[in-house]
Each structure stands twice: as structure tokens, then as C-alpha cells.
Amino acid sequence: MQAFPLSPSFPPPKTISAASTDFDLTERAADGDEFAFECIMRRHNRLLFRTARSILKSDADTEDALQEAYLRAWRALPTFRAGAKLSTWLVRIVINEALGRLRRSRAEVIPLESAMACADPLTQRSFEEDADLQPELCAMRSEVRRLMEARIDSLPEAFRTVFVLRAVEELSVEEISAALDVPEATVRTRFFRARGLLREGLSHDVDLAIDDAFAFAGARCDRIVAGVMASVAEHRDISRSSF
């Protein structure tokens, strides 16, 4: 795009930075500043991606929905009310887009009888195979098992032995008491304490995993922003050529 020198009678535009407010960015984007809109996307991408992902449960579908939602927001920016919160407005747009896609996909669901009659080998195999043996589920269970084993290994030895014998090997309290030569009350105490420590440790692991859930790092963010900005540029070029 060709740059034109500003008239001396007009002050230079404010520089966009991390400190720029949503209000400033929205005002500039509504006036056609595409870089301001790109900053809006990068600022709210993770929130909106996770919002749409919670509805669509598919990374690919979510990326498509998010790009379409951003294009809707770009076109609707002139109608944005200054008193509203930008993130809330964007969340509503992306939720509407995601729900619309979900309704359309449900309307296109193939009846089970038709799917079973499908001659496609992959489709037939998906119905015939034991769901518990499918690679994705096996890998997920394997990861959960490794996490559990690591947490059991971290228990104090006295607690760990009781927990393994009681929870994993399913020995009775009486059997464990006899095997370890400790009172039954001690077995119960150690077992409950081991379970409590495991819960605390696993809860910590889950909290960390939640923070990283549906990660929205550089590549995905860049891909969505690039897709939206390409559509914005295409629309801009078409509008200019029509004059």
C-alpha cells in the first residue's frame, strides 16, 4: 500500500503498543486500521480459541470458526458500542459462529443405519473395532498411567507399599496387616494418607494441565491472524476495484 505524507496540520497517529487499550485499538480498527485489528486478534486469540474449542471440540473446526468470527467482527466494528467490553463482544460473536456450525453439522449427521451400510473400509472398521483398542485412547491411557505411577513412586515408602497392596493388588486390610506386621488401624491410616497425597499431587498436575489445555502458541496464532488479514485485504482490493 502506498504511503502518503501527513499534512502538517494533523498530528501523527498514536503508536500502537502493548499498553494501547482495547478502546484505542477498536477506534483505529473501525477507521480501517488493519494493524490495529491484527493487534486486537493477537490480544484475544487464546480466549476466543478456547471459547470456540469448548463448543466444537475440534482444533481444525475451531480455527475455521474463529477466522469467520473475526471477519464478522471486522465488518461489524463500526457498530461496536464504546461502553461495551471488547472481549465480551468478541466472545459473543465467536460463540454464535461456533453454535451455528454445530447446528449445521448436527443437521448433516448421517443416520447410524446408513453409516453401518457404508462400503468405505475405514468407516466399517471404526464400527467394528473395540473403542478401547483405538490408538488415541490407548496413548491417552498410557500417559495417564505414567502420571499415576510417577505420583505413586513419589509417596513415602510406608504409604506407597500399603497403597499398592490395597489399591492395586486389592489385598484386604487384614492381609496387609499380616504381611507388613503392622496393626490394621495403621494400614487404614497409611492408605487414607496415601490417597490424600495422591489427590493433592494429581490435583496439582491437573491444574498445570488446565493452564496448558488447548494451547494457543505462536504458529496457530500466526496462522489465524494471517488467514483473517488475507481475507480483509482481499475484501479491500475488491472494494477498491469496484470504484
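All of these numbers come straight from a predicted model, not from anything done at the bench. Just so it is clear, the values below take in all heavy atoms, side chains as well, and ignore hydrogens, waters and symmetry mates.
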Validation row: [X], [Y] side chains within 4.5 angstrom (heavy atoms):
{"X": "D61", "Y": "L102", "answer": "no"}
{"X": "H44", "Y": "L86", "answer": "yes"}
{"X": "N96", "Y": "R72", "answer": "no"}
{"X": "D222", "Y": "R42", "answer": "yes"}
{"X": "L47", "Y": "L90", "answer": "no"}
{"X": "V228", "Y": "W74", "answer": "no"}
{"X": "I40", "Y": "D22", "answer": "no"}
{"X": "E63", "Y": "F49", "answer": "yes"}

Spacing of [X] atom [atom1] and [Y] atom [atom2] [to the nearest 0.5 Å]:
{"X": "E34", "Y": "M41", "atom1": "CD", "atom2": "CE", "value": "9.5 Å"}
{"X": "C39", "Y": "D33", "atom1": "SG", "atom2": "CG", "value": "8.0 Å"}
{"X": "L180", "Y": "R190", "atom1": "CG", "atom2": "CZ", "value": "7.5 Å"}
{"X": "I152", "Y": "L202", "atom1": "CD1", "atom2": "CG", "value": "8.5 Å"}
{"X": "E97", "Y": "I55", "atom1": "CD", "atom2": "CD1", "value": "10.5 Å"}
{"X": "N45", "Y": "R43", "atom1": "CG", "atom2": "CZ", "value": "12.0 Å"}

Quick check: closest heavy atoms across [X] and [Y], and the distance to 0.1 Å?
{"X": "I93", "Y": "A69", "result": "CG2-O, 3.5 Å"}
{"X": "R101", "Y": "E68", "result": "NH2-CB, 3.8 Å"}
{"X": "P183", "Y": "S177", "result": "C-OG, 3.8 Å"}
{"X": "R193", "Y": "F159", "result": "CG-CE1, 3.2 Å"}

Backbone N/O of [Y] and side chain of [X]: donor-acceptor pair under 3.5 Å:
{"X": "S154", "Y": "R151", "answer": "yes"}
{"X": "T161", "Y": "E157", "answer": "yes"}
{"X": "R166", "Y": "S172", "answer": "no"}

Should L56 and D64 be marked as a side-chain contact (heavy atoms from CB on, under 4.5 Å) after you check the CA-CA gap, both sets of side-chain angles, and the distance that decides it? CA-CA 11 Å; L56 296 171; D64 290 343; over 6 Å; no
F23 and L77: same hydrophobic cluster, using ILVMFWY side-chain contacts below 4.5 Å? no
Between the side chains of R160 and E149, is the shortest nitrogen-to-carboxylate-oxygen separation below 4.0 Å, so that they form an ion pair? no
Under 30°, 30 to 60°, or over 60°: which ring-plane class applies to Y70 and F37, parallel, tilted or perpendicular? perpendicular
Cut-off 3.5 Å, side chains only: do S54 and R50 have a donor facing an acceptor?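 On atom types as modelled, these side chains do not qualify, holding no pair under 3.5 Å.
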Just wondering, more than 12 heavy atoms not from M148 lying within 6.0 Å of its CE?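 At most 12 heavy atoms, drawn from other residues, nucleotides or ligands, come within 6.0 Å of this atom.
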Look at atom CZ of R92 and say whether more than 12 heavy atoms of other residues, nucleotides or ligands are closer to it than 6.0 Å.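 Not more than 12 within 6.0 Å, no.
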R28 vs L25, test: side-chain contact (heavy atoms from CB on, under 4.5 Å). Steps then yes/no. CA-CA 5 Å; R28 294 182 59 162; L25 294 175; 5.7 Å; no
